[in-house]
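Notes follow once the structure below has been shown.
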Amino acid sequence: AQSVTQLDSQVPVFEEAPVELRCNYSSSVSVYLFWYVQYPNQGLQLLLKYLSGSTLVKGINGFEAEFNKSQTSFHLRKPSVHISDTAEYFCAVRILNQGAQKLVFGQGTRLTINP
Amino acid sequence: DTGVSQNPRHKITKRGQNVTFRCDPISEHNRLYWYRQTLGQGPEFLTYFQNEAQLEKSRLLSDRFSAERPKGSFSTLEIQRTEQGDSAMYLCASSPGQGSRETQYFGPGTRLLVL
């Protein structure tokens with residue numbers, strides 16, 4: 001079965017520091033990869049996605065992620081965080097198999113930015 | 001573009017009661033998805049529609065759950081004989097329905113509390 005593991009449930013960082021949120025997946029077939037952000041009492045908003053091509057993907061709000069096929073990872077990074085980045089971040093995969101459309105999500109990482 | 005809307009935003013009910021949630025997708029989006037998110041977890045796929053056809057259902061969707069999209073526009077999710085374990089955030093998403101590379105856009109969710 002396919003799965004997504006976010007290795008850190010909580011990540012506290014200071015404002016203007018760099019951050020990396022880790023995501024690993026397992027799948028026997030090709031996947032598309034996504035990072036979503038969820039602010040309190042809101043739905044999920046797409047940060048970025050990897051479908052094909054360059055393994056370094058840039059998204060909104062200064063975030064980027066790198067797809068590493070050999071390590072089955074898709075870690076999210078930002079060089080300098082802001083208080084407004086405080087939120088829950090979810091990694092997700094779509095399995096490219098038999099037309100499946102569902103997303104499989106990780107457990108989420110709560111990013112807390114301290115002043 | 002008004003985004004995906006969901007009603008109600010919050011619902012408190014007593015165990016054993018029936019509840020119904022509504023989702024209005026982005027205009028002209030052919031695909032509509034339902035996910036469930038419990039506290040501290042990532043969203044889990046429940047079901048998905050292509051126009052009015054329900055094409056995929058998760059094993060999480062027990063017999064007490066039923067989803068409809070009668071005219072290929074809005075969708076309803078009904079839970080019969082609610083149980084305390086049904087307490088969760090129910091998220092709806094939509095996408096254009098033009099392939100597997102597209103983004104799913106999420107609504108704000110309906111938070112259900114079963115007492």
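A, B, ... follow the sequence lines: proteins, then strands. Residue 1 opens every chain. We use all heavy atoms of the structure for the numbers below, so side chains are in, but hydrogens, waters and symmetry mates are not.
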Would the number of heavy atoms belonging to other residues, nucleotides or ligands and lying under 6.0 Å from [atom1] of [X] be above 12?
| X | atom1 | value |
| --- | --- | --- |
| A:E16 | CD | no |
| B:E68 | CD | no |
| B:L115 | CG | yes |
| A:F63 | CZ | yes |
| A:I83 | CD1 | yes |
| B:R15 | CZ | no |

- Message: Would a single hydrophobic cluster contain both B:F74 and B:I79, if residues Ile, Leu, Val, Met, Phe, Trp and Tyr are joined by side-chain heavy-atom contacts under 4.5 Å?
- Response: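 No, no single cluster joins them.
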
- If two hydrophobic side chains count as joined below 4.5 Å and joins carry through other members, does A:L48 share a cluster with A:Y39?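 Yes; A:Y39 is reachable from A:L48 via cluster members.
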
Rounded at 0.5 Å granularity, tell me how far [atom1] in [X] sits from [atom2] in [Y].
| X | Y | atom1 | atom2 | value |
| --- | --- | --- | --- | --- |
| A:K102 | B:L46 | NZ | CG | 11.0 Å |
| B:T103 | A:L51 | OG1 | CG | 7.5 Å |
| A:E88 | B:Q41 | CD | CD | 10.0 Å |

- Task: Among A:K49, A:R94, A:Q42, single out the residue with the greatest number of heavy-atom pairs under 4.5 Å to chain B.
- Result: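 Top option by heavy-atom pairs under 4.5 Å: A:R94.
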
- Message: At a 4.5 Å cut-off on heavy atoms, which part of B:Q37 comes close to chain A: side chain, backbone, both, or neither?
- Response: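 Contact with chain A is through the side chain of B:Q37 alone.
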
- Item | Steps toward side-chain contact (heavy atoms from CB on, under 4.5 Å) verdict (B:Y33, A:Q101) | CA-CA 9 Å; B:Y33 314 79; A:Q101 297 295 328; 3.9 Å; yes

- Task: Name the member of B:E102, B:R111, B:Q50 that forms the most heavy-atom pairs with chain A at distances under 4.5 Å.
- Result: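 Among B:E102, B:R111, B:Q50, the one with the most close pairs to chain A is B:E102.
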
- Which of these passes side chain to side chain contact (heavy atoms under 4.5 Å, CB included) with B:Q104: A:L44, A:L103, A:L46?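 Of the listed options, the one satisfying the test is A:L103.
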
- Task: Select one option (side chain, backbone, both, neither) describing which atoms of A:Q38 are under 4.5 Å from chain B's heavy atoms.
- Result: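 Only the side chain of A:Q38 comes within 4.5 Å of chain B.
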
- Item | Ring centroid separation A:F105 to B:F45 under 6.0 Å |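 No, ring centres 6.0 Å or more apart.
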
- Message: How close do A:F90 and B:G42 get, counting heavy atoms only, and between which atoms?
- Response: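 Between these two residues, the closest heavy atoms are CE2-CA, 3.4 Å.
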
